[in-house]
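Just so you know, ligand 1 is whichever comes first in the structure, and atom 1 is the first atom listed for that ligand.
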Amino acid sequence: MSKYFLDVEYLPKRWYNVIPDLPEKLAPPLNPATMEPIKPQELEAVFPKALIAQEMSEERWISIPEEILEVYRIYRPTPFIRAERLERTLRTPAKIYYKYEGVSPPGSHKPNTAIAQAYYNMKEGVEMLTTETGAGQWGSALAFATNLFDLKCRVYMVRASYEQKPYRRILMETWNAEVIPSPSKLTESGRKILEKDPNCPGSLGIAISEAVETAVKSENTKYSLGSVLNHVLLHQTIIGLEVKKQLELLDLKPDIMIGCVGGGSNFAGFSYPFVKDAMKGEIELIAVEPKACPTLTAGEYRYDFGDTAGLTPLLLMYTLGHDFIPPPIHAGGLRYHGDAPSLCLLVKHGIIKPIAVSQRPVFEAGVLFARSEGILPAPESAHAIRIVIDKALEAKKTNEEKVILFNLSGHGYFDLKAYEEFLSSKLPDT
Ligand SMILES: *Cc1c(COP(=O)(O)O)cnc(C)c1O
């Protein structure tokens, strides 16, 4: 390994599935009509068989096909960087390292699963994928991936973002995706909402309903989800597996690992390969969420729908209720009412510790990071940085040489409007 970069020969060849290593059996998703566990066949209208098999798999290791590795090599292995300048700024004895997922072409960890999902759909003869996107991070990751595997891609983008945040839409269109402002007249769910409110600004829940409806009603079309589900978290473990290797080569043992949580995929991908160490009490794993959407810290642990309209199977998770609409904070990727079931289970058992933080201290941390390390973090990732800084300052008080790792899930170069508001003191502290 050079100073920061893992040689490409170390790119992991398998994903890690946490399911067999959980402290109790994961409760199955339920069919809301029968309240019975979902059968694989019931998911075939929306997902390809290979992904359904991964969703339900109890195998600990799953091989990554060469065609996926080949695309991963465009930006993987991603760098693992010591934030020495941030350490100096904070005058902390702690050592801070970050894994940087912002080097992928769409600028976040999301293509790690988008590439795998596009590949498995292509293998089964699917011609088009549909999905929803809020600010456009997931939509641009899927557009990037489908374009490489010659699939069509239709993204229902929340209308408010479609109008106010054009840059990610343009990125999606550059990668050949069709971007539709949602609610739209193309689906029954969209038409119903437009009849009642022709100026409806849309929501992620509505966009999911439109994307799922299109997948179910069209030939050779399936739906793709960017977080929460087991197979998504599985694909993301490439992050933590690389970190493991990078730590080995640096002869380093982490004390604390920190990440932000929207649906849980980047945090799980980063931390699950270390879950056994956390169970032994050797590493502290901290999941950071926004106070405006405090799923893990204030949600109820129960079965709930994954979407607003109630079209998805029921998942056992911490939830704020599927009709909860979080305030419009800038970390759009963290505005989700639930979280991945395996992550919720690990939180319930105290193996992963959740913390909620409010918006202004998050942006303070993001700006401090940019001023010391250079990279402008995504507002989502800045949630993790807030707690990294707090932990590094605690270590200063006790004069402990803690090793703190965090996942920098993406860059914030499409989020400049949010930073502008912060810099001109117009940002509300929701
Ligand atoms: C989407 C997104 C998140 C939140 O999603 P998770 O599934 O919780 O990882 C976090 N960071 C960035 C940069 C994102 O784009």
K.L.:
Are Gln164 and Lys417 linked by a side-chain donor-acceptor pair shorter than 3.5 Å?
P.N.:
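No pair is found: no donor N or O on one side chain lies under 3.5 Å from an acceptor on the other.
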K.L.:
Identify each donor-acceptor pair in which a side-chain atom of residues 270-282 lies under 3.5 Å from a protein atom, sequence neighbours left out, and give them as a table.
P.N.:
unit_1	atom_1	unit_2	atom_2	d
Ser271	OG	Phe267	O	2.8
Tyr272	OH	Ser342	OG	2.7
Tyr272	OH	Leu343	N	3.0

K.L.:
Between the protein and ligand 1, which nitrogen or oxygen pairs come in under 3.5 Å, and how far apart is each?
P.N.:
unit_1	atom_1	unit_2	atom_2	d
ligand 1	7 (O)	Ser227	OG	2.5
ligand 1	7 (O)	Ser265	N	3.0
ligand 1	7 (O)	Ser265	OG	2.7
ligand 1	8 (O)	Gly262	N	2.6
ligand 1	8 (O)	Gly263	N	3.0
ligand 1	8 (O)	Gly264	N	2.8
ligand 1	9 (O)	His109	NE2	3.1
ligand 1	9 (O)	Ser265	OG	3.2
ligand 1	9 (O)	Asn266	N	2.8
ligand 1	9 (O)	Asn266	ND2	2.7
ligand 1	11 (N)	Ser409	OG	2.8
ligand 1	15 (O)	Lys110	NZ	2.5
ligand 1	15 (O)	Gln137	OE1	3.2
ligand 1	15 (O)	Gln137	NE2	3.2

K.L.:
Is NZ or CZ of Arg360 both nearer than 6.0 Å to the six-membered ring centre of Phe422 and within 45° of the ring axis?
P.N.:
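Arg360 over Phe422 ring: no.
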K.L.:
Name all residues meeting the ring pair (Phe, Tyr, Trp, His ring centres under 6.0 Å) criterion together with Phe144; count only those two or more places apart in sequence or in a different chain, and write none if there are none.
P.N.:
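Here the qualifying residues are Trp175.
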K.L.:
Could you tell me whether the side chain of Thr133 and the main chain of Gly139 form a donor-acceptor pair under 3.5 Å?
P.N.:
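Side chain of Thr133 to backbone of Gly139: a pair is present.
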K.L.:
Can you name the residues that form a side chain to side chain donor-acceptor pair (under 3.5 Å) with Glu44, not counting sequence neighbours?
P.N.:
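In terms of side chain to side chain donor-acceptor pair (under 3.5 Å), with neighbours along the sequence ignored, Glu44 is linked to no residue.
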